[in-house]
Amino acid sequence: MMRGRGRVVVVVVRERPCIPLRFFSSLALLAGPSSPSRRSSGGGYYDAPTTNCNASSAAAENAKVIDNFIDHCYRGDLPRAMKALDTMQQRNIFAHSLAYSHLISCCAARRAIEHGRSIHRHVFSPGYRPKTFLLNHLLNMYVKFRLLPEAQALFDQMPRRNVISWTTMISAYAAASSPPLQRRALDLLILMLRDGVCPNMFTFSSVLRACHELQLLTQIHCSIIKVGLESDVYVRSALIDVYSRWGEMSSALCVFGEMVTRDQVVWNSIIGGFAQNSDGDPALHLYIRMKRAGFQADQSTLTSVLRACTSLALLELGRQLHVHVLKYDQDLILNNALLDMYCKCGSFKDSDSIFSRMVDKDVISWSTMIMGLAQNGFSRRALELFKAMAVSKIKPNHITILGVLFACSHAGLVDDGRYYFRSMKKLYGIDPGREHYGCMVDLLGRAGRLDEAVELIHKMECEPDAVTWRALLGACRVHRNMDLAAYAAKQIIKHDPDDAGTYILLSNIYANSQRWDEITEVRNAMRHKGVKKEPGCSWIEVNKCVHAFILGDKSHPQIIAIRRELKQIIHRLKEMGYVPDANFVLQDLEEEQMEDSLLYHSEKLAMAFGIMALSSGKTIRIRKNLRICGDCHDFAKLLAKMESRSIVIRDPIRYHHFEDGHCSCGDYW
DNA sequence: ATAGGGTTAG
């Protein structure tokens, strides 16, 4: 009830139309072409009914047809409604917009596009003026069928377009897969403004995903604030999402932080944003805050949180989440995320059993497993799985092939690799991209065929980039080809002048051959350019806590005990024949003492802590930010044997499963 | 009465 100036106004709010559809049929009786004069002028308008009540028998017949039609529409009986529509078309009689709109929704739901097109033709017959509301329904139908050209043609034909018509088109283009089509969404927004139609929250939440320039996004964000629509949750979550895609997490957080009424999707947007930017820590913290705020994780939340676990290698937390995943056991995306989590946390047994139980598998499920097997050192099994995929009739894509080539390169399977590389275009219609060439350079280079690797680079259809040359440089290191290494390093620096890794790799190569002058040169170049080496860092999860170890950093509360433990381990390992390999000392240019430097490589500290803190049967799982050095690799093999326990170390490229003095990589990495 | 946001493999 509203009170104003002494008057009482009763406001009745209803969610559904309060007029039953039947009522329209009786109105349609009045609307029928009952008088000869109306019939000759081209049929009846429901929307401008005559008041002629002398119903002739023809009119009564027409009314019956319309009545039936509306009845079928209302009941969702598509075949009967279409039959009635046919008769109406022949008699040139029409029903009310609402009945047609019902029928159009039916067509969209039942995937009956031809019926939809018939309705389209019918409402454009001479003698009928379809309302904008009805045409919006048709527009939406074409969009649902992804028939953009037809939607556009109808849109162009419309005598009047309201904000919904514009938004339907903008949303359709923004959701398209190709950037040129997405740009069309932005063009339409401008045309809409020129036409004097005001965008609303629906329009903005749709158009945001089409922003391919940061500047444009900022402009649109400004307009949103200006017209006072930033408070809408749909607009907010879209803003968070687009800022995240640009890696602009501070802006995303800003939009998120200002919110008072956050809903589930807004939480998902910000959590997903961090997860996709490989920033697992804030993603997990926000997840905890979301739960505290009283929200339950849904599929989307869980997928993102799993991804955060994946990037942080948090197996135990991942396992806990698995329990929540069980209630969505048919969700393909979620299952894929789970597969990847177990693969990348080095627990391949778990992903294997999930994969075999999954009813639906798509190209991502298969690719995840193939890459997972390859990275974990099970190359033969990766190739077998690829063959099983062919039987399953799921077509591989360029990422699947990348996994296959990765498997070949990390197991030294030169012939297999060459076969798959040659046949990818022929068998699967996939053109090799830079990444595929990179894999092949890696494959040939590691196998010692440096000349062939260089030849392949020169034959590339696309311009080689830093990744390509980095693959060659890595191979030069293994095979100690100094001159080629220097050449490759220069090419990398040309593409990526601030790449600390290249300087380090180059200095390692020189260190392996005791070329001290060159090392000094590289070091000076780094100093000159102000390039800083990323310090080695390792992480280990113990009792739901992540412990970080950084080279040279003594901030861990138990660091003294850990160093003592590590010294004891080294002492015992030396008795077993372990000889620290001084070649690797020099990668830590700034360290004071060689012995110390090697001793305190972060993964060694993490392993020592794992021995101290984890119960004896437990696998020690470590994630590190740099590739493992040969000395730590030897150390881990012997430690696994001495302690009779498994050690898994994940570096940025692949996994090392150490067991009984051996590593799954076969010392080939 | 018709239009809108978040989730997976390199």
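We use all heavy atoms of the structure for the numbers below, so side chains are in, but hydrogens, waters and symmetry mates are not. Fair warning: this is a prediction, and the values are worked out from it, not measured in the lab. Throughout, a chain's letter reflects where its sequence line sits, starting with A, and its residues are numbered from 1.
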What stems involve DNA chain B, if each pair must be Watson-Crick or G-U and both of its distances must be under 3.5 Å, with 3 or more such pairs in a row? none
Of the nucleotides B/dA9, B/dT2, B/dG4, which one has an atom closest to the side chain of A/Ser206? B/dG4
Side-chain N or O of A/Asn140 closer than 4.0 Å to phosphate OP1/OP2 of B/dT2: no
Within the 4.0 Å heavy-atom criterion, would you say A/Asn200 contacts the bases, only the backbone, or no part of the nucleic acid? base
Determine the contact category for A/Lys361: base if any of its heavy atoms lies under 4.0 Å from a base atom, sugar-phosphate if only primed atoms, P, OP1 or OP2 are that close, otherwise nothing. nothing
Please work out if A/Asn335 contacts a base, only the sugar-phosphate, or nothing of the nucleic acid, heavy-atom cut-off 4.0 Å. nothing
Nearest-neighbour nucleotide for the A/Val235 side chain, B/dG4, B/dA3, B/dG10 considered: B/dG4
Any base atoms under 4.0 Å from A/Ser101, or only sugar-phosphate, or nothing? Heavy atoms, all strands. nothing
Does A/Ser300 reach a base, just sugar-phosphate, or nothing at all? Heavy atoms under 4.0 Å. base
Provide, to the nearest angstrom, the distance between the CH2 atom belonging to A/Trp267 and the C1' atom belonging to B/dT7. 18 Å
Rounded to whole angstroms, how far apart are CE on A/Met371 and P on B/dT8? 17 Å
Is a donor on one side and an acceptor on the other found under 3.5 Å between the side chain of A/Asp241 and the backbone of A/Ser237? no
cation_pi(A/Arg184, A/Tyr173) dist<6.0 Å, angle<=45: yes
Backbone of A/Thr468 reached by a side-chain donor or acceptor of A/Asp465 within 3.5 Å: yes
